[in-house]
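Notes to accompany the following structure.
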Number of protein chains: 6
Amino acid sequence: MTSAGQTERDSRQRAAVLQEALPYIRKHQGTRVVIKYGGAAMTTPHLRQSFARDVALLRLVGLRPIVVHGGGKEVSAWSERLGLDVRFESGLRVTDASTMEIAKMVLVGKVNKQIVAGLELAGAPAVGLAGEDGGLISARKHEGDVDLGFVGEIERVNPAVLESLADFVPVVASVGLDSDGQSLNINADTVAGAVAAAVSAPRVIFMTDVAGLLADARDPESLIIECTRADVQKLRASGKIGDGMIPKLDAVEFALAAGVSSATIIDGRGPHNLLLEFFTERGSGTMIRS
Amino acid sequence: MTSAGQTERDSRQRAAVLQEALPYIRKHQGTRVVIKYGGAAMTTPHLRQSFARDVALLRLVGLRPIVVHGGGKEVSAWSERLGLDVRFESGLRVTDASTMEIAKMVLVGKVNKQIVAGLELAGAPAVGLAGEDGGLISARKHEGDVDLGFVGEIERVNPAVLESLADFVPVVASVGLDSDGQSLNINADTVAGAVAAAVSAPRVIFMTDVAGLLADARDPESLIIECTRADVQKLRASGKIGDGMIPKLDAVEFALAAGVSSATIIDGRGPHNLLLEFFTERGSGTMIRS
Amino acid sequence: MTSAGQTERDSRQRAAVLQEALPYIRKHQGTRVVIKYGGAAMTTPHLRQSFARDVALLRLVGLRPIVVHGGGKEVSAWSERLGLDVRFESGLRVTDASTMEIAKMVLVGKVNKQIVAGLELAGAPAVGLAGEDGGLISARKHEGDVDLGFVGEIERVNPAVLESLADFVPVVASVGLDSDGQSLNINADTVAGAVAAAVSAPRVIFMTDVAGLLADARDPESLIIECTRADVQKLRASGKIGDGMIPKLDAVEFALAAGVSSATIIDGRGPHNLLLEFFTERGSGTMIRS
Amino acid sequence: MTSAGQTERDSRQRAAVLQEALPYIRKHQGTRVVIKYGGAAMTTPHLRQSFARDVALLRLVGLRPIVVHGGGKEVSAWSERLGLDVRFESGLRVTDASTMEIAKMVLVGKVNKQIVAGLELAGAPAVGLAGEDGGLISARKHEGDVDLGFVGEIERVNPAVLESLADFVPVVASVGLDSDGQSLNINADTVAGAVAAAVSAPRVIFMTDVAGLLADARDPESLIIECTRADVQKLRASGKIGDGMIPKLDAVEFALAAGVSSATIIDGRGPHNLLLEFFTERGSGTMIRS
Amino acid sequence: MTSAGQTERDSRQRAAVLQEALPYIRKHQGTRVVIKYGGAAMTTPHLRQSFARDVALLRLVGLRPIVVHGGGKEVSAWSERLGLDVRFESGLRVTDASTMEIAKMVLVGKVNKQIVAGLELAGAPAVGLAGEDGGLISARKHEGDVDLGFVGEIERVNPAVLESLADFVPVVASVGLDSDGQSLNINADTVAGAVAAAVSAPRVIFMTDVAGLLADARDPESLIIECTRADVQKLRASGKIGDGMIPKLDAVEFALAAGVSSATIIDGRGPHNLLLEFFTERGSGTMIRS
Amino acid sequence: MTSAGQTERDSRQRAAVLQEALPYIRKHQGTRVVIKYGGAAMTTPHLRQSFARDVALLRLVGLRPIVVHGGGKEVSAWSERLGLDVRFESGLRVTDASTMEIAKMVLVGKVNKQIVAGLELAGAPAVGLAGEDGGLISARKHEGDVDLGFVGEIERVNPAVLESLADFVPVVASVGLDSDGQSLNINADTVAGAVAAAVSAPRVIFMTDVAGLLADARDPESLIIECTRADVQKLRASGKIGDGMIPKLDAVEFALAAGVSSATIIDGRGPHNLLLEFFTERGSGTMIRS
């Protein structure tokens with residue numbers, strides 16, 4: 001049983017927390033932020049709901065979030081279900097025509113709409129988009145030593161449709177369109193960076209399944225709270241960065257090079273880390289400044 | 001070889017045709033029109049391109065089209081490919097959870113984006129939408145004698161997202177969302193009528209694979225050019241209407257009852273019948289006025 | 001010393017509180033609210049700061065507050081300092097010309113600017129106004145059995161200047177102007193109600209030095225959480241209402257009669273009760289609905 | 001008698017022509033174009049109607065035309081009717097006070113309104129303007145070896161009134177006003193070029209009674225389809241340009257020098273050449289690019 | 001020689017006059033007023049200039065004038081010069097095709113532009129309009145016992161072009177256009193009343209060559225300062241109204257019936273009577289209130 | 001008794017004066033002007049009313065005035081009444097905490113509202129502001145050889161609140177706010193110059209109790225009508241400038257250095273000198289051009 005005294009104390013505490021949020025809310029008013037959504041935060045039901053509510057809250061207190069997502073695991077699962085070959089080369093999915101077809105169906109028709117529905121239920125009006133919509137993502141086939149099939153590189157992000165949807169949270173699936181009308185599979189981290197640059201967002205957040213950037217991948221205590229782009233380049237040279245972190249850092253560097261002020265790698269496995277990034281001094285994970 | 005004389009003659013003719021379009025262009029300036037897209041026009045490649053260019057042209061000369069589509073055949077094909085049971089009751093697909101999942105992937109992730117990409121290539125900036133996006137289509141489970149599973153009835157169309165996308169052609173997949181976040185399969189003809197009513201469009205066009213409404217389904221010469229809602233009710237009572245036409249007429253009546261001024265059933269098998277509907281006196285197919 | 005574990009726990013709690021605020025923030029988006037400010041909340045330094053930050057927070061999360069204040073104690077103190085006679089009749093200050101002069105100087109030149117400066121420091125751009133500004137409060141001399149001097153009754157609130165100041169928190173001193181250019185002293189509770197009616201605010205909050213409305217003034221346990229205008233009339237008839245509460249209830253009835261949906265009497269002695277009123281289910285004090 | 005088959009074939013052809021216009025309509029969307037109207041196109045009734053409908057069509061499909069006209073023949077006819085002396089010096093009308101008075105009456109009160117009425121009937125809302133209106137054309141007396149009387153040179157085109165009339169087709173008579181309030185007769189080709197420059201129109205069209213620019217005035221086969229400003233200067237140096245073409249080329253050079261991207265000389269004797277200029281690859285007449 | 005003392009005195013007087021204008025300027029802010037211009041004020045050079053400056057001043061201090069004019073005397077003079085028959089029936093000009101042609105040239109090409117140029121020189125940006133422009137005045141042939149030729153009655157005034165020209169003083173020539181594109185001669189008083197009604201102007205002013213409305217046409221001392229529409233009807237019944245006044249009163253009644261609040265008949269022979277009407281208590285001439 | 005003839009003559013004269021104002025009204029349309037109000041014009045009742053009406057008139061004919069005021073005499077009087085020490089150092093008031101408190105009460109609560117009420121009565125909607133309002137005047141404590149107490153120097157003028165109040169005449173009291181929320185007393189001449197610079201006003205007017213700038217303070221005939229900033233610097237070097245004029249000239253130089261085009265020192269003792277400055281060729285007092 002809860003005594004009146006305790007309720008009273010709770011209320012005071014609640015008010016105190018809201019008050020402590022004041023300087024952060026002021027600081028972030030009107031800020032465009034691109035959130036790369038993925039990992040556990042996207043696959044675990046209760047984290048999914050927590051994410052949706054965090055984004056809804058960010059929007060209500062004045063930030064202007066854009067969500068970008070991939071959905072590799074779901075694509076692999078469906079590919080296998082359909083008897084397609086699932087293969088990767090240097091971390092990029094080898095994408096033949098059938099895989100591309102199913103990838104788009106999964107990303108755009110399933111994952112994207114699931115995120116949109118979650119945001120709507122949490123009170124944030126949202127609209128899902130793929131590269132086709134309003135010419136959002138123009139891409140060309142990736143050219144490399146190995147033929148990866150329908151894997152694309154971004155040529156141009158056209159922010160017109162994002163601007164038309166100012167009253168909504170845009171949710172962007174990482175699929176591009178080439179000039180012949182062929183869909184291409186694009187790395188979602190890269191899409192997040194490119195979208196941030198195209199809308200002149202000062203911030204991009206990457207939600208991952210790690211605590212952040214470790215100075216030494218083998219030492220969990222070596223988490224870096226904040227560093228510069230130059231620091232990251234030194235760290236990469238050191239060879240101590242984990243393999244899985246490399247594509248994230250590529251996307252971070254791409255975004256910073258394109259004019260985004262800061263990129264943050266946060267741990268999506270903790271509920272509300274996204275919120276803590278915006279409403280605490282310490283933030284969450286690793287922030288890399290331009 | 002084409003002589004100069006012939007070219008000259010062609011040019012005159014071209015100018016004459018454009019001039020004859022003048023009164024129609026004036027008449028349709030600013031008109032919102034909802035086009036239910038489907039049938040051969042959606043499945044045959046050259047008709048698909050022809051449709052995209054027709055819509056692009058309608059938009060450029062001042063109409064404001066919204067495209068609504070289903071995609072039953074593709075859904076059936078994929079369902080079979082995945083070993084799902086394909087079954088219909090009174091013309092409505094029995095939709096279990098797996099079928100709903102694949103239906104959404106096909107409609108939203110494949111068919112919708114294919115239409116959007118086609119319109120973009122034809123020069124009409126387009127954005128694909130499903131019922132989730134911006135809370136566009138709120139639905140509830142269809143209640144009938146037979147349990148059809150995840151088949152829905154429209155509760156409300158929220159036109160806010162359509163209005164935000166004034167610079168684009170919205171392309172709407174016939175999927176709704178219920179209040180628990182469950183997707184529901186909805187008849188696309190019905191969606192077209194409901195969208196037309198929600199945006200106060202004076203016109204709705206149904207693209208079909210028949211010549212139009214026949215007074216007697218067995219007599220291809222009995223095509224009706226124009227009639228009223230009352231006439232349609234009499235015809236239905238006569239029992240001579242073809243079975244396939246019944247759901248169309250239901251949607252026509254729904255739209256007219258909701259305030260749409262006229263509904264036209266056109267033959268999507270002929271290239272550019274859509275254009276002829278707007279740029280000739282005779283129009284195309286059967287127009288039913290309120 | 002704070003261990004990392006404790007900080008971690010605090011952060012989670014903080015995020016949880018912010019999340020719980022989400023439905024309230026959504027509910028109050030864009031709501032105009034008039035806050036009658038006074039009592040201990042205005043005279044105690046730490047409550048003053050707490051008030052300013054609460055108002056700043058309300059504004060940042062989407063409410064649109066207007067502050068109305070009097071300042072009787074300061075006026076009395078200055079009157080005495082200047083050797084003026086301080087006298088009241090039925091709760092209204094007897095206001096001769098000298099008293100009116102000093103009252104305006106105190107209310108407008110001191111109290112009002114103190115509130116404005118506090119809000120500015122708390123991050124809420126604010127502008128102070130008196131009845132003269134933009135013809136905000138037109139008044140006429142109060143006519144009663146006893147001549148109270150320059151005490152006024154509101155004739156008209158002109159909301160034009162409030163609308164021009166949409167980007168600011170207006171802070172209104174309870175001084176009116178009659179048609180001869182004479183300033184008149186007006187009860188601040190009444191001004192709050194009249195301003196709420198003039199800007200069609202759905203809510204008005206009265207900050208007082210009591211817990212709220214007591215069903216029986218002698219029984220502190222008889223606090224009423226919520227009631228209707230009709231209930232209030234019955235209570236008044238019962239004769240158990242405290243004397244100090246009568247003018248508040250007059251203002252409440254005036255506001256509700258003029259179209260305001262609800263009036264809340266809250267205890268300004270508790271820091272952040274204003275915030276709790278908007279961010280908890282229970283609210284704070286007594287809400288009287290129309 | 002027209003068989004159904006033939007009608008069917010006609011309709012298909014009509015649709016095909018409209019479809020072929022699509023890329024041109026897209027290309028010209030929003031383009032400001034100044035059309036110098038004159039010659040047979042202005043004096044022959046059926047060409048007059050054809051011109052009006054062409055302009056109406058251009059406007060409906062998204063161009064923003066401005067019509068500029070003179071009216072020399074009508075002025076001469078009325079001058080003679082009134083027994084005035086009709087005399088030209090180097091192609092410029094010697095304009096005494098009486099001639100100026102009648103010229104203005106004819107150009108502004110008769111020719112201009114005839115064009116306006118024609119456009120209105122064809123469905124293009126139009127407004128007639130002379131140099132006086134909104135200070136549109138400020139001019140000063142032409143200074144040359146011979147005193148031409150009230151013949152003017154443009155000092156400034158004030159586009160304010162053209163901008164206010166964004167919903168209308170402005171129709172400008174080639175009359176200017178000097179700083180003393182005296183009307184001056186100005187060459188209409190020059191006015192067209194100056195107006196194009198003033199509104200930053202990328203294109204100006206001169207409707208004439210010749211096929212276009214001939215490399216050799218004596219050789220009708222020497223029609224130039226497209227050339228540059230530099231080419232024109234060389235041609236003029238060659239001495240083979242026809243005399244009547246010189247003032248046109250002066251106006252072309254004036255317009256190009258003032259920032260207009262291209263000037264086209266088209267044959268106004270052919271109905272719809274104006275339309276063909278915008279809706280065929282080949283265009284019509286001679287285009288001179290900057 | 002002017003002494004400093006005198007200048008000083010003049011300046012004070014000037015300031016006093018400007019100050020006295022203050023309440024009138026406030027009263028008329030934003031008022032749409034239609035001024036029927038004609039008579040001596042239009043034919044005498046110094047009155048013409050005085051009129052232009054009065055209108056410019058009215059506009060600068062916040063009124064929004066529209067000028068409507070005829071030009072009968074000039075039309076008659078030109079008709080005679082061209083050997084045309086000048087004939088009137090019940091005060092209406094018998095207008096054959098040649099007369100209509102010259103009337104339009106005179107009214108639109110000469111008189112209208114003269115007024116526009118005068119206003120421009122006086123500092124009021126002005127644009128001349130005839131019934132053709134923007135479909136301003138739709139008319140049909142007057143039907144009466146006698147065939148008057150191209151004399152018209154107003155069917156509709158389309159205020160769209162007047163609204164587009166909000167930054168200018170519109171100057172309207174009393175010429176209408178029928179549905180076949182034929183120009184028609186219309187009584188300018190009637191046009192003034194119809195325009196005032198179409199733009200919801202509260203006031204219409206008729207500038208005449210008489211002192212105002214006389215209760216008895218034979219008694220110059222019987223000038224009426226102000227009366228109602230009912231009074232006018234009684235006066236007409238009395239038979240003492242002058243013949244020339246009848247068409248004015250018809251136009252007055254038409255305007256009042258169409259919703260205009262007051263119509264004033266002023267004496268255009270006195271310079272600045274227009275100004276005095278707006279800047280003195282007494283006004284000028286006769287005001288008839290609805 | 002006034003004969004009709006005389007009234008007639010008066011009316012003509014009135015119209016003539018209004019007409020003569022026309023070119024001045026045109027010239028000043030939309031001009032932002034900052035008026036430093038003070039001296040006799042602020043303390044003498046009939047000059048006060050005359051000032052209010054002049055400002056109302058300037059606003060109605062299209063200027064956009066901002067009034068800036070101090071109120072030294074009233075502050076001194078109240079300080080003495082409260083037994084505070086009134087002391088000046090180099091023309092600046094030594095301002096201890098008590099003096100600052102009373103100064104703000106007098107300037108903001110009494111003088112400012114008196115000016116606002118006067119303007120409102122004269123028909124000019126006005127809003128009073130102090131440095132606190134909308135962060136209008138940020139200041140820091142004056143640092144000099146002598147400690148003057150709470151005397152401030154301007155750090156920044158934030159024009160946002162002035163822009164929001166475009167429909168009103170802003171009336172600014174010369175009080176600033178430092179970053180700790182402490183009010184500071186600032187020289188009103190300096191505030192006028194800084195406000196003019198912040199809103200890019202081309203003109204600033206200083207109302208004084210002298211005829212203007214005298215080349216030789218001892219020679220009343222040496223009034224300078226117009227001069228440049230360079231001239232002023234030479235005059236100051238000459239040592240013949242009166243002491244009281246030095247702070248004015250400092251403010252003049254400050255304003256001109258900050259981009260204001262001209263500063264005028266006028267004699268506020270003459271009623272309507274403000275009006276004459278704007279409506280006569282000669283103007284009033286001394287104009288110093290940049």
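Just so it is clear: chains get the letters A, B, ... in the order the sequence lines come, proteins before strands, and each one is counted from 1.
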*side-chain contact (heavy atoms from CB on, under 4.5 Å) with D/Arg14: which of B/His272, B/Gln13, B/Glu20?*
B/Glu20
*Examine whether an atom of D/Leu18 lies under 4.5 Å from a heavy atom of chain B, and if so say whether it belongs to the side chain, the backbone or both; otherwise answer neither.*
both
*For the atom pair NZ (B/Lys27) and CG (D/Leu60), what is the distance rounded to the nearest 0.5 Å?*
14.0 Å
*Hey, which of B/Ala56, B/Ala122, B/Ala21 has the most heavy atom pairs under 4.5 Å with chain D?*
B/Ala122
_D/Gln19 versus chain B, the contacting section by heavy-atom distance below 4.5 Å_ = both
*Verify, without hydrogens or angle tests, whether B/Arg26 (side chain) and D/Ala124 (backbone) share a donor-acceptor contact under 3.5 angstrom.*
no
*Between chain D and each of B/Gly123, B/Pro23, B/Gly62, B/Pro271, count heavy-atom pairs under 4.5 Å; write down the option with the most.*
B/Gly123
*With a 4.5 Å limit on heavy-atom distance, are the side chains of B/Leu57 and D/Ile25 in contact?*
yes
